[in-house]
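Numbered from 1 within each chain, the chains take letters A, B, ... in sequence-line order. Worth saying up front: this structure is predicted, and the values here are computed from it rather than measured.
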2 protein chains.
Amino acid sequence: MSEEPTVIADGEAAGTGTLGKAMAVLEAVVMADGPQRFTDILARSGQPRGTLHRLLSHLVEEGLLVQRRDLCYEPGLRLLTLAYRSWSGNRFRDVAEPHLRSLHELTGETVHLGILRETEIVYVDKVESRQTVRMSSQIGKASPAYCTGIGKAALSLLPQPELERLVAGMAFHAFTPHTHRSAESLLAEIAEIRRDGHAFDREEHEIEIRCVAAPIRVSGSDLTAGISVTGPAYRVSMEQLIAWSGAVRTAAAAIGEEAAIRLGPGRGGP
Amino acid sequence: MSEEPTVIADGEAAGTGTLGKAMAVLEAVVMADGPQRFTDILARSGQPRGTLHRLLSHLVEEGLLVQRRDLCYEPGLRLLTLAYRSWSGNRFRDVAEPHLRSLHELTGETVHLGILRETEIVYVDKVESRQTVRMSSQIGKASPAYCTGIGKAALSLLPQPELERLVAGMAFHAFTPHTHRSAESLLAEIAEIRRDGHAFDREEHEIEIRCVAAPIRVSGSDLTAGISVTGPAYRVSMEQLIAWSGAVRTAAAAIGEEAAIRLGPGRGGP
DNA sequence: AAATCAAGTTCCACATACCGGAACAAAGAA
DNA sequence: TTCTTTGTTCCGGTATGTGGAACTTGATTT
């Protein structure tokens, strides 16, 4: 029984309000690695037994969780369905898609579309070179902004105070030898990115994986996003990435403009 | 102002409890076709103004919804992230995947994996012949069980009383001229499916689209699922589907057995 | 300009429904 | 059997959500 107690609670305070608590519990189950027993969740969520039990019942009732015969809790199908609707109905993704395709045709490598959410990048679409292994995996995946091309590109669009607020809250985990380890080095690179209009991932998140990315600004909207072309280091040199950077910037700009028109035609004010 | 009032509320009673109400509102926004104004949601949800406003605030706070500058509400990214985790961590899908692949190699057509949820089939995985148009779309999509091959196959596994309860609650929408229009004809076909061990979709959901499907039963679990091979009518004859039916049944059986072993090794109750 | 209307937000007294400690079952382990 | 571990139920107290009504804000009309 020397297993680490997995500490208690997650970093942030358990959500406020009834809904917040329910979502915190849901997330605890969904983000866990496998089916979770009542006691596991109890330890991780920090909720009192009675409360937790009721929350779980409600989540099951709503189809957000499923309780198996052996009493373990698992994510329910309703999440998938909700996500399907919100993905397929996403106008921004729709606008961007043809541009992703043409970037893919130009480069032959994998192209990603990501949106910044706080301090993370959420991948929203992807055009793959040739179905490598996993199929559509990765859509919906959230990665830290500071070690991904799209992430750094998107950060570069933020006003300095906002950027600093976000950076202050980051925990710099060293995924590879090339990952940023401090706010200073990250901020320094972001200054360069602002100047150049594009960002690189030099094997910072995953070893042997590189990318070029450009930020997308949609005027009239406060969404911050980016696209990237990604490839394995053995096949894609830094020179190659630099050669592609212009096309990536152009595509990003085009997406931004088109989205501004088609997303909020009736609103443009600051 | 002769616009139809979009009636009020959805078919089912607004969810019970605070979480239920919140989810009903969330669903109202997600299932809608585009960004929703406050008043739209007000009409559809049937909640009082004050209550609805607070619910929406909480949903936004939780990242489940986003409020744009023009005050419209849209699905937030958190749904995608939650769904990504629950999809990629789904053991059943994982077990099934290699079997989907080999079925695809055998047939050259699109292969689906779906799980029955009440009266709908939710598509959980897919191996596509050759990236037709939409990429991974469709994962998470929910379709009526009575007009899809996997749906009818899955229904055939249910005990008769359960089946009849579900069928009683179905509204038979005629998607095509071949769609079942009554409980009787559906139940009759399900009897055949039980006998044969496989089901066909004879252009019942979408015109020009056919499939063969087989049900998956996982002993020790109460999940009911199925797989199918789908193709366009001009390329895939009924004779062809019949020829594939054996392989589909075999794959389904293999998935069911493997899943029973790998899903709940410590439980085998009645 | 003033008046009118519509859409969205805030307020607050009220009671619902959530809270959570503690008692209660159920199933293994000693 | 007795003890322990795990999951479920109960119930009084009150925090929390409820929802009608008043209040902004901005557009449209007179």
For this session: Sugar-phosphate atoms are those with a prime plus P, OP1 and OP2; base atoms are the rest. Using that split, label each nucleotide of nucleotides 13-18 of chain D B, S or - for protein heavy atoms under 4.0 Å, 5' to 3'.
Result: ---SSB

Exercise. Is any NZ, NE, NH1 or NH2 atom of the basic residue among B:Arg85 and A:Glu27 found under 4.0 Å from an Asp or Glu carboxylate oxygen of the other?
Worked result: no

Exercise. Atom CZ of B:Arg69 to atom P of C:dG8: distance rounded to whole Å?
Worked result: 18 Å

Problem set entry | Protein-nucleotide distance (B:Arg37, atom CZ; C:dA7, atom P), rounded to Å | 8 Å

Exercise. Between atom CG in B:Asp70 and atom P in D:dG26, what is the gap in whole Å?
Worked result: 14 Å

Problem set entry | Sidechain-backbone polar pair: A:Arg93 side chain, A:Trp87 backbone, donor-acceptor under 3.5 Å | yes

Exercise. Quick one: do the B:Gln36 and B:Tyr73 side chains pair a donor with an acceptor below 3.5 Å?
Worked result: no

Anything under 3.5 Å between a donor and an acceptor, one on a side chain of residues 150-160 of chain B, the other on a protein residue two or more places apart or in another chain? List them.
residue  : atom : partner  : partner atom : Å
B:Lys152 : NZ   : B:Glu189 : OE1          : 3.1
B:Lys152 : NZ   : B:Glu189 : OE2          : 3.0
B:Lys152 : NZ   : B:Phe200 : O            : 2.7
B:Lys152 : NZ   : B:Glu204 : OE1          : 2.7
B:Lys152 : NZ   : B:Glu204 : OE2          : 2.9
B:Ser156 : OG   : B:Ala153 : O            : 2.6
B:Gln160 : OE1  : B:Arg194 : NH1          : 2.7
B:Gln160 : OE1  : B:Arg194 : NH2          : 3.2
B:Gln160 : NE2  : B:Glu164 : OE2          : 2.9

Exercise. Expressed in angstrom and rounded to an integer, what is the separation of A:His53 atom NE2 from D:dT9 atom P?
Worked result: 6 Å

Exercise. With sugar-phosphate meaning primed atoms plus P, OP1 and OP2, does A:Leu71 contact a base, only sugar-phosphate, or nothing at under 4.0 Å between heavy atoms?
Worked result: sugar-phosphate

For this session: Search all heavy atoms of B:Ala254 against all heavy atoms of B:His99 and return the closest pair with its distance.
Result: CB-CE1, 3.5 Å

Problem set entry | Whole-Å distance separating the CD atom of B:Gln67 from the C1' atom of C:dT9 | 10 Å

Problem set entry | A:Arg49 versus A:Phe38, closest heavy-atom pair with distance | O-CZ, 3.8 Å

Problem set entry | Atom pair distance, as rounded to whole Å: CG in A:Leu56 and C1' in C:dC18 | 15 Å

For this session: Could you state the atom-to-atom distance from CZ of A:Phe38 to C1' of C:dA25 in whole Å?
Result: 14 Å

Exercise. Can you tell me if the side-chain N/O atoms of A:Gln36 get under 4.0 Å from OP1 or OP2 in D:dT6?
Worked result: no

For this session: Kindly say whether, by distance alone, the side chain of B:Arg49 makes a donor-acceptor pair under 3.5 Å with the base of C:dG8?
Result: yes

